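In what follows, a structure is listed as structure tokens, so that the remarks can point back to it.
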Amino acid sequence: MRVNPLFSFKWFSAGLIWFWLGLFVLVPLLMLLTASFLQRGETEFVKFAFTLENYQRIFNPIYLDVFWNSFYLAAMTTLFCLLLGYPFAFLLARVTGKYKHLLLLFVIIPFWTSSLIRTYAMVIILKTNGVMNSFLQWLGLIQEPIQLLYTPAAVVVGLVYSLLPFMVLPLYATIEKLDIRLIEAAKDLGARNVRIFWSIIIPLTMPGIIAGSMLVFLPALGMFYIPDLLGGAKALLIGNLIQNQFLSARDWPFGAAVSIILVLVMSLLLVLYYFSILRNSNNRDKVGL
Amino acid sequence: MSLKRLSKISYMSLIYGFLYFPILILIIYSFNDSKYSFAWKGFTLNWYHQLFDNQELLEVALNSLMVAVVSASVATLIGTLTAVALYRYHFFGKKVLYGLIYILIMSPEIVMGISLLILFIALSMPLGFWTLLLSHITFCIPFVVITVFGRLSGFNKAIIEAAKDLGASEFATFRLVVLPMLMPAVIAGWLLSFTLSMDDVIISFFVTGPNFQLLPLKIYSMVKLGVKPEINALSTIMFIITLIIVIIAQSLLREKK
């Protein structure tokens, strides 16, 4: 019997990817979810008995503190990335001429380079006898080297440094597509710049703002090596908590429960993102674009 | 007008400075002839020589290279087929698949790392080369899919129709028509997967065993012990390699279709 070639090639490709993602993404995620409801084992990693204790433990003040601290630092990181990145992306999108691609390339390069190496570069800048202290002393602003490394501020600086390109690129993509005629129309109708910014530019670039914030906020919660290298032992964040539970404390069910919280936060942001795109395309339909 | 322009240019320069200044310092100090002090003590290639004399480090670098080449190749194969299938066919769960690919790019790596760890332990697979390879392939696939899909969406569908009208089978159309036109994006996808695999810390951290080290994990454990000129040299080499690969990949993607 001759196999229909369309059938085989199509189903081979579709089957392969579903098989791969099913086995290495969906099944592991379900196992993670299951593990979060199991008890910690004596000899094995988990004991197959249902419990909600792992989730109850999250409400222990020690862990609530970690959560609060992480969300605060990640939110600060996202805010700084947005404040620095939005004007930058806007200017970049308006650049014309032959250097535009080069300027864009210089944002893309840090996007792909190792953030561990970039974090290490930040350690060199911030350490006690590092570049920043020498510079401040040279300016005469400080007499003695001050403690910059191993502070919460250093963690935020490191996170902003690593994640800024992840904010700029989605912002750039939406600002680039922004229809300049809408701004001109608003001007013709007598709107002032502030009004144009808040009523037109911000709503139309909302998908980029949310996508960028997601790409900054979520990794900021999970990148355990940045707080580890820049914040020292003091900065215990969600990523460090998960890492500890899996590799030192060996309490997998609790580590799994904490990770599930991360997944839930991500899902919430995804829903927000989805609705912002939906609203945006509805608005476009209304004005006939 | 010119003041406005000046302030725009200064703002952009400030951001670029922020992005590149630390890396620049790192590169400069990899050539500094002083082990501990921050002061400039003259140019040296000493740290690079030490790097290439370090047998253990070379072995770890080889491990990284091996994992990166194999996982980039497998991910490119699966990712390209996926992108083509998403573009050309309708099949069950297509929209879900498309969404899943984007979610995978956005999702925090630590979740993928620990869920894969749980899978490998449940299957009693020994942690090491194979578990790293499977994990790296998994996180590279979505990046290949969107890179290749991006180029496909600019395609002229009539060419594919013409091939079919001339009697080419689906596979022949793919191999002789679609793939050659896609080649720049496929190569770019491979190169980007390669850098992702070479640089990954978080996922590798969880799925590797005590007997198989990768370069970023080695750097991580070295950095935890403090700043050393050898790490500056190693980081410089890795940064330069990534830089070259990204430039090649981007120019391939920019090439006119």
Side-chain angles (χ1 to χ4, degrees), chain A residues 5-6 9-10 13-14 16-18 20-21 24-25 27-29 31-32 35 45 84 87-88 91-92 101 105-106 108-110 112-114 116-118 120-125 127 129-131 134 161 164 214-215 218-219 221-225 229 239 242 246 255-256 259 262-263 266 270, chain B residues 8 11-12 15-16 18-19 22-23 25-26 29 38 78 81-82 84-85 89 91 93 97 100 103-104 106-112 114-119 121-122 134 138 141 169-171 174 192 195-196 199 201-202 206 216 219-220 223-224 227 231 235 238-239 242-243 246-247 250 254:
Chain A
L6 168 67
F9 184 70
K10 171 180 167 184
S13 311
L16 183 64
I17 185 69
W18 267 123
W20 194 281
L21 294 185
F24 294 112
V25 176
V27 169
L29 213 54
M31 289 173 118
L32 182 73
F45 290 112
L84 287 173
F88 179 74
L91 293 176
L92 191 62
H101 283 294
L105 182 67
F106 277 111
I108 293 172
I109 289 166
W112 292 102
T113 42
S114 161
L116 174 68
I117 288 177
R118 303 196 319 120
Y120 171 65
M122 224 25 163
V123 174
I124 299 180
I125 301 285
K127 69 192 176 107
N129 55 350
V131 180
S134 312
Y161 176 57
L164 186 60
M214 265 179 83
L215 287 177
L218 291 171
L221 291 173
M223 287 175 120
F224 57 80
Y225 54 88
L229 297 178
I242 296 173
F246 272 84
S259 317
L262 257 187
V263 175
M266 178 178 80
L270 275 173
Chain B
K8 279 179 185 174
Y11 183 72
M12 290 187 82
I15 297 287
Y16 281 116
F18 175 60
L19 287 177
I23 290 284
I25 293 288
L26 175 92
Y29 279 88
F38 165 70
I78 299 176
L81 287 176
T82 306
V84 173
Y89 309 123
F91 54 87
L97 180 63
L100 188 62
I103 292 174
L104 276 177
M106 291 190 167
S107 67
E109 284 177 275
I110 194 166
V111 174
M112 190 189 267
I114 53 167
S115 53
L116 280 168
L117 173 65
I118 293 177
L119 175 80
I121 295 292
L134 292 171
T138 307
I141 287 175
S169 71
E170 277 300 311
F171 182 67
F174 172 72
L192 295 177
T195 66
L196 280 176
D199 291 340
V201 182
I202 298 182
F206 289 102
I219 293 177
Y220 183 38
V223 171
K224 279 179 92 161
V227 171
I231 314 176
S235 303
M238 287 188 72
F239 176 74
T242 317
L243 186 80
V246 173
I247 290 175
Q250 290 301 323
R254 262 192 61 202

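Because the structure is predicted, anything quoted here is derived from the model rather than measured. Chain identifiers are assigned alphabetically (A, B, ...) following the order of the sequence lines, protein sequences preceding nucleic acid strands; residue numbering begins at 1 within each chain.
Note on Leu97(B), Leu100(B), Leu243(B), Ile103(B): by heavy-atom pairs under 4.5 Å with chain A, the leading option is Leu97(B). Most heavy-atom pairs under 4.5 Å with chain A, from the set Val84(B), Ile121(B), Ile247(B): that is Ile121(B). Between chain B and the residues Pro87(A), Gly239(A), Ser259(A), Pro219(A), the most heavy-atom pairs under 4.5 angstrom are made by Pro87(A). Chain A forms the most heavy-atom pairs under 4.5 Å with one residue out of Ile78(B), Leu192(B), Val111(B), and that residue is Leu192(B). Here Ile114(B) is the residue among Ile114(B), Leu104(B), Ile141(B) with the most heavy-atom pairs under 4.5 Å with chain A. Contact tally against chain A (heavy-atom pairs below 4.5 Å) for Leu116(B), Ile219(B), Thr195(B): the top residue is Leu116(B).
By the 4.5 Å heavy-atom criterion applied to side chains, Leu119(B) and Leu32(A) are not counted as neighbours. The shortest side-chain heavy-atom distance between Lys10(A) and Glu170(B) does not fall under the 4.5 Å cut-off. Side-chain atoms of Gln250(B) and Ile109(A), non-hydrogen and from C-beta on, never get closer than 4.5 Å to each other.
Residues Thr138(B) and Trp20(A) bring a donor and an acceptor atom of their side chains to less than 3.5 Å of each other.
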Give the C-alpha distance, both sets of side-chain angles, the deciding distance and a yes or no for side-chain contact (heavy atoms from CB on, under 4.5 Å) between Leu116(A) and Asp199(B). CA-CA 8 Å; Leu116(A) 174 68; Asp199(B) 291 340; over 6 Å; no
Walk me through whether Leu164(A) and Phe18(B) qualify under side-chain contact (heavy atoms from CB on, under 4.5 Å). CA-CA 10 Å; Leu164(A) 186 60; Phe18(B) 175 60; 4.0 Å; yes
Should Leu221(A) and Ile110(B) be marked as a side-chain contact (heavy atoms from CB on, under 4.5 Å) after you check the CA-CA gap, both sets of side-chain angles, and the distance that decides it? CA-CA 9 Å; Leu221(A) 291 173; Ile110(B) 194 166; over 6 Å; no
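Residue Ile231(B) touches chain A through both its backbone and its side chain, counting heavy-atom pairs closer than 4.5 Å. Of the atoms belonging to Leu21(A), it is side-chain heavy atoms, and not backbone ones, that fall under 4.5 Å from chain B. Contact annotation for Leu29(A): both backbone and side-chain heavy atoms come within less than 4.5 Å of a heavy atom of chain B. Contacts between Ile125(A) and chain B at a heavy-atom distance below 4.5 Å involve the side chain alone, from C-beta outward. In this structure, the portion of Phe246(A) lying under 4.5 Å from any heavy atom of chain B is its side chain and not its backbone. Interface residue Leu81(B): backbone and side-chain heavy atoms are both found under 4.5 Å from chain A. In this structure, the portions of Leu84(A) lying under 4.5 Å from any heavy atom of chain B include both its backbone and its side chain.
Take Phe174(B) and apply the ring pair (Phe, Tyr, Trp, His ring centres under 6.0 Å) test, not counting sequence neighbours, and it matches Phe9(A). Evaluation of the ring pair (Phe, Tyr, Trp, His ring centres under 6.0 Å) rule for Tyr120(A) yields no partner, not counting sequence neighbours.
One distance of note links CD1 of Ile124(A) with OG of Ser235(B); it measures 7.5 Å at 0.5 Å rounding. Interatomic distance, Leu105(A) CG to Arg254(B) CZ, rounded to the nearest 0.5 Å: 9.0 Å. A distance of 9.0 Å separates CE of Met106(B) from CG of Leu218(A), quoted to the nearest 0.5 Å. Taking CZ of Phe239(B) as the reference point, atom CD1 of Ile117(A) lies at 9.0 Å (rounded to 0.5 Å).
Between Phe88(A) and Tyr11(B), the shortest heavy-atom distance links the atoms N-CE2, 3.6 Å. The shortest heavy-atom contact between Pro22(B) and Ala121(A) is O-CB, 3.6 Å. The shortest heavy-atom contact between Met223(A) and Ile202(B) is CA-CD1, 3.9 Å.
Tyr161(A) contributes a side-chain N or O that, together with a main-chain N or O of Leu19(B), makes up a donor-acceptor pair within less than 3.5 Å.
Ring planes of Phe224(A) and Tyr220(B): tilted class, angle from 30 to 60°.
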